Amino acid sequence: MRYGHFDDHRREYVTTRPDTPLPWINYLGSEATFGLISNTTGGYSFYRDARLRRLTRYRYNNVPLDCSGRYIYLRDNDTGEFWSPSWQPTRHEVEDYICRHGLGYTIIGSSYKGIEAQTRYFVPLGDSLEIWQLTLTNQRQEPASLSVFSSIEFCLWDAQDDATNFQRNFNIGEVEIEDGVIYHKTEYRERRNHLAFFACSEELAGFDTQRDVFLGPYRGWDHPAAVERGRSFNSEAHGWAPMGSHHVRLSLDPGQTRRIIFLLGYHENPPDRKFAPPGSQTVNKQTVKPVIARYLGEENVEAAFEALRAQWEAMLGIFQVETPNVHTNRMVNIWNPYQCMVTFNLSRSASFFESGIGRGIGFRDSNQDLLGSVHTVPERARQRILDLAATQLETGGAYHQYQPLTKRGNDEVGGDFNDDPLWLILSVAAYLKESGDWSILDERVAYDRRPGSETPLYEHLQRSLRYTLERLGPHGLPLIGRADWNDCLNLNTFSDTPGESFQTVATKEGKVAESLFIAGLFVLAAKELAAIARRRCLAEEAQRYHDEAAKMAAAVLEHGWDGEWFLRAYDAFGHKVGSQECEEGQIFIEPQGICVMAGIGHEDSRAKRALTAVRERLSTPHGIILHQPAYSRYYVHLGEISSYPPGYKENAGIFCHTNPWIMIAEAIIGHGDQAHDYYLRINPSAREEISEVHRCEPYVYAQMIAGRDAPTHGEAKNSWLTGTAAWNYVAITQWILGIRPTYEGLQIAPVIPSNWPGFKARRVYRGVTYYVSVKRVGKGDMVSLSVDGQPIEGDIVPLPPEGQTEVMVEATLK
Ligand code: GLC
Ligand code: GLC
């Protein structure tokens, strides 16, 4: 069952009924101001940091679902009837409801009794505000007398404090209202120099800024007193819950259309010019007024929207494909790179499943997210790499997370997730291959942001590898520390106290438990660093990394092969995890993917056998499960993984992040059909028709789909902010379609399904546009290339001479 459809031409997902199984959201903004917006306008806005600069209030896990948002109410002044064109929060019946989620904007509208209302929401480039453009049309035969009420609830900035510290917060709320603009200035009198504003293009019939006056006692957003009676109270908030609401009265002739603009923004004043007149407590508005004036003008708003559209057009234009499969095209051309940008911007901070309070920028997460965005925003990727490296410690280890506002490592979570530093090597390698900008390696970057500790970025990479080598266990395999990629495999915690963090409580010294996943990742990273060293003319060093990689690969084959697949780990007692010897958790997906990707077990049949075991034991129609059998009880020596009921999250859920590793591995060993089959199983567009099972948005990946052991097998959770986005993008574009940046040029090595006659692609790479046309003439993956009509050796298209901006590539697959 579907709740809407894709409009690929407009690059939108169109929801045609409001009661989706879960709020289906979109993101506004990509620079500093961000908003989450659901298909019924639920959600909130923030500036840079979803915890520390929250503009509007949102109540997670509320009932009814998703009922804080950017609400517009319409009221028929003749009958007193009122409704919301976005359905929520009144949930009054509407006709022709539609929500179009597009790239950085959302349009929501409906009709009721001949009054059509549609609002377009977006954040313009370069400024810190949300624009709501409301279009009202009277389709009746007679004139309509209407009232429009806007409403948002302000958050008192720190979302954590806002939701807990009521003894203080009920006293501090302050606003100013001037020329119809509502300014939210809580704490401005003391240490803040920022404010929020809520403006409207029309002359106001009234306003409200005190929530409980606007709503009336014991009423909800579905039924505000001001809307019901058709008149604002002109309330001024002092303490309690400051909000913003404008009331506009208008008459529409039959057929007449009117546009109203609302602006919700964030503004900072210079600390020495906070007040005007100086010495008063009145906000200096001279600095913000020009911004407000600009965007209350319709032409400027249209131009801003056009600029946003053009930016996405350019970003997506970097890679476009035309394959025989619609789900592949749609995800590769539109939604997957879009989701990658959202994860790049927000890491795991703010979604419908991440409250915006808990997590900052993850070291491991963001290095992986970058793999899916480096071609879209190379300059920002460069900066991100430097920021991440600056939270590395002198040991080579890394803070697991940092706060985006301060860019400082998060002490509460700390470090010692032993896979973390290795991901930095992968992200830097991806950046170098994409951009060819080797200067990044010479950038001086501090450790733990400590002045004076700077070394070239290259040394950070050296220390990353060394970090693993200095932490090897009894089998010569990497010690796991608090956890590796699987945050919930906690082999040193032994937590038996409710509420304790499974990750940060370390009971064991950690000198025994080893990770096969880190071993595979190390081999991959050491090979990458060897390639980088070789290109920096450090032949000896490159050889050393090669040798270390070979040594680790040998240790994996000697101590990490279980007979039919790769082991997952050794626990704190030196017992196997992920082995046929185990009662539960006999086979795990992660080591199969990463070891085959790292080239381990290719000389003999082991790589293939590991992937066969995955197919036989872990794959389901809804994707590949993390491990089997699921843990049916809590194992104190395994940690959080066994805390989840079977089939959910890390306990045998389909943890989608890991699936593309298997797709890549299958592609590497030449199984194009299998790789693409796995790709489609979790491809959200391909799952659209089972939306009642999948339940999350059909246009973006979710972190998890419930595994076969769960009663809700096939149900997705935790959509949007997941490494699944970047890795699926890498799997499909670089390994299945096979268009892969390398140090020498663009490699074209497709491993596509055997029944595809071929495909076409356009890739902008280092300033050159490559038009790639792939034709299948035989069943296999042997590729021969001709470049601008001339056959070439090998599968890497060399960079063209300076000045040439277009290259035609014909690839033949035999
Ligand atoms: C979450 C974390 C990520 C981790 C994964 C598996 O997605 O953000 O860092 O690798 O879970 O546990
Ligand atoms: C929880 C989640 C896991 C996440 C971890 C770190 O354990 O299940 O996915 O990575 O928290 O915060």
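Ligands are counted one by one from 1 in listed order, and the atoms in each one are counted from 1 as well. What you are looking at is a predicted structure, and each value in this text was computed from that prediction instead of being measured.
- In the vicinity of F655, heavy-atom distances shorter than 4.0 Å reach the ligand 1 atoms 5 (C), 6 (C), 11 (O).
- In this structure, N486 counts as a contact residue of ligand 1, since one of its heavy atoms falls inside 4.0 Å of the ligand.
- Counting heavy atoms from C-beta outward, R463 and E394 have side chains that approach closer than 4.5 Å.
- Using bins of under 30°, 30° to 60° and over 60° for the plane-to-plane angle, the ring pair H475/Y570 lands in the parallel bin.
- Interface of E650 with ligand 1, defined as ligand atoms under 4.0 Å from a residue heavy atom, comprises 6 (C), 11 (O), 12 (O).
- Taking the six-membered ring where the residue is Trp, H575 and F573 present tilted rings, their angle falling between 30° and 60°.
- With a 4.5 Å cut-off on side-chain heavy atoms, Y467 and T395 count as touching.
- On a distance-only criterion, D365 and ligand 1 share at least one N/O pair closer than 3.5 Å.
- Relative to the six-membered ring of F344, R384 meets both conditions, a distance below 6.0 Å and an angle of at most 45° to the axis.
- With ligand atoms numbered from 1 in the order given, ligand 1 contributes 1 (C), 7 (O), 11 (O) to contacts under 4.0 Å with heavy atoms of Q703.
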